[in-house]
Amino acid sequence: NRDIDFSGKELAIEGQGFGQTIIDCGGSEGDFHGAFYFHTAEDSSLIRGLEIINAYYGLSSNDRGAITCSGSSPTITDCTIRNNRSHGVTIGGTSAPSLVTLQISSNAGWGISMPGYPYLSMGVTVIYSQIDHNSLGGMILTRAVESTLVALNTIADNGGHGLFLQGDLPLASSGAAWDTTTIIEQNVFAFNANRGIYFMSFFTGVHYRFNLSFANGGADIFGLTPDTSCMLSADPLFCQSASPMPYSVGVVSPCLAAN
């Protein structure tokens with residue numbers, strides 16, 4: 001199965017997890033395919049326990065991903081999204097999905113792409129997830145107009161920025177800014193090829209606190225000045241464990257509250 005469209009129905013699909021329930025999209029150049037396309041207000045739908053591979057789409061920020069949410073806000077949890085020639089998840093069109101306990105890795109695009117204009121996004125919740133080794137970067141979040149929460153994630157070893165947070169340029173050129181609340185807290189940004197977090201102007205209400213940012217290629221943080229009492233810059237001391245969640249930490253890691 002591939003290119004699954006719930007067509008406005010609120011459904012749940014639950015698999016057995018990594019290596020057990022696999023959607024192989026089988027996409028290729030000129031034969032574009034993904035796993036799920038949510039676009040008709042399937043806001044109570046649930047995807048759980050799947051491994052998604054081999055989606056194929058373009059790599060501009062507003063191209064589809066292995067999972068695409070456009071005008072729909074499902075919950076996607078306990079899934080592995082890897083080895084796709086696309087973004088892992090693309091979000092647009094008044095969507096506000098919940099992405100929980102995901103492994104998004106080794107995709108050719110962004111791990112998560114929320115492209116903004118003209119694809120107005122309401123926001124996104126990303127928690128307890130690992131986003132790593134994606135070629136363009138970990139996450140690009142653009143033009144959110146409601147609350148966005150990025151918390152308790154590990155965003156590491158991506159080919160670009162760990163998190164690129166930017167305002168909408170057509171709107172910004174008018175001198176306005178989006179009135180939004182974006183909370184970025186208790187994440188690890190480490191070993192990304194470019195900046196750990198790159199904050200571009202035109203957002204308001206960004207709360208960046210209690211994050212660890214370390215050994216990112218461009219800079220650990222660029223474009224905002226967080227309260228230094230609420231941030232860390234130290235080696236997270238990852239223990240490279242087996243897939244699907246390779247970035248665990250040992251008892252001496254500064255990521256643990258006891259340290």
Shortest non-hydrogen contact between N216 and R195, atoms and distance: CB-C, 4.0 Å
Between D132 and Q103, is there a side-chain heavy-atom distance shorter than 4.5 Å? yes
Is there a side-chain contact between N134 and W110, using heavy atoms and a 4.5 Å cut-off? no
Any idea which heavy atoms bring I91 and S95 closest together, and the distance? CG2-CB, 3.9 Å
Nearest heavy-atom neighbours spanning D43 and E10: N-OE2, 3.7 Å
Restricting to non-hydrogen atoms, name the atom on A108 and the atom on R85 that form the minimum distance, rounded to 0.1 Å. CB-CA, 3.8 Å
Keeping the roles fixed (side chain from D220, backbone from A215), state whether a donor-acceptor pair exists under 3.5 Å. yes
For the residue pair Y198 and F164, categorise the inter-ring angle as parallel (less than 30°), tilted (30 to 60°) or perpendicular (more than 60°). parallel
To the nearest 0.5 angstrom, please state how far the OH atom of Y37 sits from the SG atom of C69. 10.5 Å
Could you report the tightest heavy-atom contact between N153 and Y128, atom names first, then the distance? OD1-N, 3.2 Å
Report the distance from atom CG of N158 to atom CG of N194, rounding to the nearest 0.5 Å. 11.0 Å
side-chain contact (heavy atoms from CB on, under 4.5 Å) assessment of Y208 paired with S213: CA-CA 12 Å; Y208 179 92; S213 192; 4.1 Å; yes
Give a yes or no on whether the backbone of N192 and the side-chain of D157 come within a donor-acceptor separation of less than 3.5 Å. no
To check you understand the geometry: which heavy-atom pair defines the closest contact between C25 and N54, and what is its length? CB-O, 3.4 Å
Side chain of T125, backbone of S98: donor and acceptor closer than 3.5 Å? no
Step by step, work out the side-chain contact (heavy atoms from CB on, under 4.5 Å) result for I23 and I4. CA-CA 10 Å; I23 294 180; I4 299 168; 4.2 Å; yes
Using a 3.5 Å distance criterion without hydrogens, assess whether the side chain of S113 forms a donor-acceptor pair with backbone atoms of T90. no
Give a yes-or-no answer on whether the side chains of S72 and E42 include a donor-acceptor pair shorter than 3.5 Å. yes
Donor-acceptor under 3.5 Å (S129 side chain, L102 main chain): yes
Report yes if some heavy atom in the side chain of L99 is under 4.5 Å from a heavy atom in the side chain of I67; otherwise report no. no
Any side-chain heavy-atom pair from F6 and I47 closer than 4.5 angstrom? yes
Give the cluster check for I104 versus L46: same hydrophobic cluster or not, with ILVMFWY residues linked at side-chain heavy-atom distances below 4.5 Å. no
Point-to-point distance, once rounded to the nearest 0.5 Å, from CG of N187 to CG of N211: 5.0 Å
When rounded to the nearest 0.5 angstrom, what is the spacing between NE2 in H161 and CD1 in I140? 8.5 Å
Are I13 and V89 linked, directly or through other ILVMFWY residues, by side chains that come within less than 4.5 angstrom of each other? yes
For the atom pair CG (N83) and CG (N107), what is the distance rounded to the nearest 0.5 Å? 7.0 Å
Where do R209 and I183 land on the side-chain contact (heavy atoms from CB on, under 4.5 Å) test, with the steps shown first? CA-CA 8 Å; R209 56 203 182 199; I183 298 173; 3.9 Å; yes
List, by chain and number, the other hydrophobic cluster members for I22, where Ile, Leu, Val, Met, Phe, Trp and Tyr join if side-chain heavy atoms come within less than 4.5 Å, directly or indirectly. I53
For L50 and F36: C-alpha separation, side-chain torsions, deciding distance, then whether side-chain contact (heavy atoms from CB on, under 4.5 Å) applies. CA-CA 11 Å; L50 304 179; F36 292 94; 3.7 Å; yes
Any donor-acceptor pair under 3.5 Å linking the side chain of T80 with the backbone of E51? no
How about D31: does its CG atom have over 12 heavy atoms from other parts shown lying under 6.0 Å from it? yes
With heavy-atom distances below 4.5 Å as the criterion, would you say the side chains of F199 and I221 are in contact? no
Side-chain H-bond candidate by donor/acceptor type, H87 with D63, under 3.5 Å: no
Min side-chain heavy-atom separation H39-T68 under 4.5 Å: no
Look at the rings of Y247 and F238 and say which category their plane angle falls in: under 30° parallel, 30 to 60° tilted, over 60° perpendicular. perpendicular
Can you tell me how far apart OG (S86) and CG (L59) are? Round to the nearest 0.5 Å. 7.5 Å
